[in-house]
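Written below as structure tokens is the structure these notes are about.
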Number of protein chains: 2
Amino acid sequence: MAGDRGGTGGSEGMAVPRAAKTQRRTRIQEEKEERILDAALEVFSSNGFRGATIDQIAEAAGMSKPNLLYYFRTKEAIYRTLLESMLFTWLEPLKALDAEGDPEAEIRSYIRRKLEMSRDFPRESRLFANEMLQGAPHIEDDLTGPLKALVDEKAEVIRSWIKNGKIARCDPYHLIFAIWATTQHYADFDVQVCAVLGENRAGEGRFEDAARFLEQLFFEGLRPKKA
Amino acid sequence: MAGDRGGTGGSEGMAVPRAAKTQRRTRIQEEKEERILDAALEVFSSNGFRGATIDQIAEAAGMSKPNLLYYFRTKEAIYRTLLESMLFTWLEPLKALDAEGDPEAEIRSYIRRKLEMSRDFPRESRLFANEMLQGAPHIEDDLTGPLKALVDEKAEVIRSWIKNGKIARCDPYHLIFAIWATTQHYADFDVQVCAVLGENRAGEGRFEDAARFLEQLFFEGLRPKKA
DNA sequence: TGATAATTTGACCGGTTGGTAAAAACATAC
DNA sequence: GTATGTTTTTACCAACCGGTCAAATTATCA
């Protein structure tokens with residue numbers, strides 16, 4: 001028989017389509033799910049969870065609404081899948097911050113990588129920002145759990161660098177916040193950045209300018225050198 | 001007769017209630033409109049434009065939906081009114097940046113004032129952020145018009161300070177972006193900030209810590225002093 | 001080929017949403 | 001009081017939205 005929804009009680013998984021008989025997904029499943037998630041990223045990231053509609057996502061994915069709902073049972077299932085798979089890659093750069101490396105080089109490359117993510121994955125950044133603005137109702141646990149744990153760990157690394165005199169004394173948490181804020185700004189507030197910069201520097205060059213500026217800001221600050 | 005909607009063609013104004021006969025608004029109009037705007041700020045700022053419903057706003061304002069629609073003809077009218085009145089106060093601190101003042105003190109106090117706004121008016125900040133995330137469909141013109149003009153003007157001020165050796169050589173536009181990003185982060189990403197800081201420092205003390213950190217970051221950077 | 005399972009579609013449903021119509025309630029001036 | 005204008009309520013609607021259902025279509029493989 002076709003499909004087995006209707007609360008049969010089994011497979012309360014998540015992104016698994018009705019067809020959980022042959023346990024592994026076919027090529028076509030894999031591909032369709034990916035297309036859905038890509039479309040959903042587009043729609044969710046610019047409208048937020050409540051503002052997005054399944055019809056919008058379905059149309060962006062080039063399929064009918066019931067067809068989409070065959071792969072993901074609910075709108076929320078799509079959203080959660082997206083958010084979770086994103087959170088992982090989103091924290092990669094911070095994970096890569098190496099306690100054994102050269103402090104200044106490590107922070108410098110962290111800033112650079114975060115900025116590259118804003119350039120290359122602005123939708124992901126905006127999705128995340130949208131979720132935050134709404135009070136993170138879907139990922140509160142991740143925030144106080146894995147994310148906090150990771151930040152705590154890296155804050156400790158930074159503190160040790162401070163103790164060794166490798167970087168200036170400062171609050172490591174607010175340092176991390178500042179890096180997040182300044183880099184993600186170029187994805188989340190892209191319209192504003194482009195509007196303000198105008199025709200001249202609004203091209204891709206703005207990311208290079210930003211990188212140059214941020215490296216200077218974070219390491220030298222604004223005070224002029226007393227020559 | 002009661003009301004005059006129905007496309008009579010007249011008064012295509014905006015926030016003006018049906019009662020545009022006696023040209024000035026009564027005390028009760030003034031008060032109700034304010035209550036609506038306050039409620040709308042609450043709802044819009046945490047759900048975005050599409051995610052917010054008139055019913056939600058009406059309930060938060062303590063009145064029925066049709067009653068609310070008597071003061072503002074459409075959901076969009078409420079939103080636009082809110083956004084415009086907000087944009088003005090939002091740019092006040094930047095307007096106050098004084099070319100004649102001491103450069104370092106001016107920038108320092110700009111950062112402080114922006115941070116205070118994040119602390120005291122987080123809803124306004126989030127409303128603005130929401131609009132930006134969605135590509136600023138309602139205020140595109142303000143962005144490329146008045147806002148760009150103001151930023152251009154202040155960027156020129158900063159450039160002159162650089163020329164006089166008062167602050168380090170840097171891109172004034174990206175400096176302004178960095179100040180916006182770091183300060184607004186504490187309003188827009190409040191959940192994340194609190195989750196990461198945990199019980200200990202998540203109280204109001206976080207704004208003082210942030211202020212201290214940002215002042216150091218912007219003026220001294222992270223490089224340790226060569227004692 | 002035919003049996004079987006996977007995928008897609010069109011029609012539909014109950015609830016919500018933005019907004020309207022009309023009349024009732026209230027205030028005010030005379 | 002009554003006439004006039006303002007504010008509020010009750011009832012309502014058409015469009016939309018998340019999701020379901022049953023049937024039709026297509027892929028898979030013995």
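Remember, it's a predicted structure, so these values are computed and weren't measured experimentally.
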In whole Å, what is the span from the [atom1] atom of [X] to the [atom2] atom of [N]?
X      : N       : atom1 : atom2 : answer
E31(A) : dA6(C)  : CD    : C1'   : 15 Å
F72(A) : dT8(C)  : CZ    : P     : 13 Å
E33(A) : dA6(C)  : CD    : P     : 14 Å
F44(B) : dT17(C) : CZ    : P     : 13 Å
L68(B) : dT8(D)  : CG    : P     : 11 Å
R73(B) : dA21(C) : CZ    : P     : 12 Å
K32(B) : dT9(D)  : NZ    : C1'   : 12 Å

State which residues pass salt bridge (Lys or Arg N to Asp or Glu O under 4.0 Å) with D152(A); sequence neighbours excluded, sorted by chain then number. K148(A)
Hey, is the main chain of Y71(B) close enough, under 3.5 Å, to the side chain of K32(B) for a donor-acceptor pair? no
Any [X] side-chain N or O less than 4.0 Å from OP1/OP2 of [N]:
X      : N      : answer
Y70(A) : dT8(C) : no
N67(B) : dT9(D) : yes
Q29(A) : dA6(C) : no
Y71(A) : dT8(C) : yes
S64(A) : dT9(C) : yes

Using the 3.5 Å cut-off, write out each protein N or O paired with an N or O of nucleotides 14-18 of chain D and the distance between them.
{"unit_1": "dG18(D)", "atom_1": "OP1", "unit_2": "A52(A)", "atom_2": "O", "d": "3.1"}
{"unit_1": "dG18(D)", "atom_1": "OP1", "unit_2": "K75(A)", "atom_2": "NZ", "d": "2.9"}
{"unit_1": "dG18(D)", "atom_1": "OP2", "unit_2": "I54(A)", "atom_2": "N", "d": "2.9"}
{"unit_1": "dG18(D)", "atom_1": "N7", "unit_2": "K65(A)", "atom_2": "NZ", "d": "2.9"}

Less than 4.0 angstrom from a charged side-chain N to a carboxylate O is my criterion; do R206(B) and D209(B) meet it?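 Looking at R206(B) and D209(B), the cut-off is not met.
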Closest heavy-atom pair and its distance - I36(A), A61(A):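 Closest heavy-atom pair between I36(A) and A61(A): CA-CB, 4.2 Å.
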What is the distance from atom NZ of K75(A) to atom NZ of K65(A), rounded to the nearest 0.5 Å? 11.0 Å
Starting at CZ of F177(A), measure out to OH of Y186(B) and round the result to the nearest 0.5 Å.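 OH of Y186(B) is found 6.0 Å from CZ of F177(A).
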Against S125(B), only a single residue in T183(B), D188(B), D190(B) fulfils side-chain hydrogen bond (donor to acceptor under 3.5 Å, both in side chains); can you say which?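 Looking at T183(B), D188(B), D190(B), the match for S125(B) under the side-chain hydrogen bond (donor to acceptor under 3.5 Å, both in side chains) is D188(B).
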Using the side-chain heavy atoms of P66(B), tell me which of these nucleotides is nearest: dT7(C), dA21(C), dT8(D).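 Nearest listed nucleotide: dA21(C).
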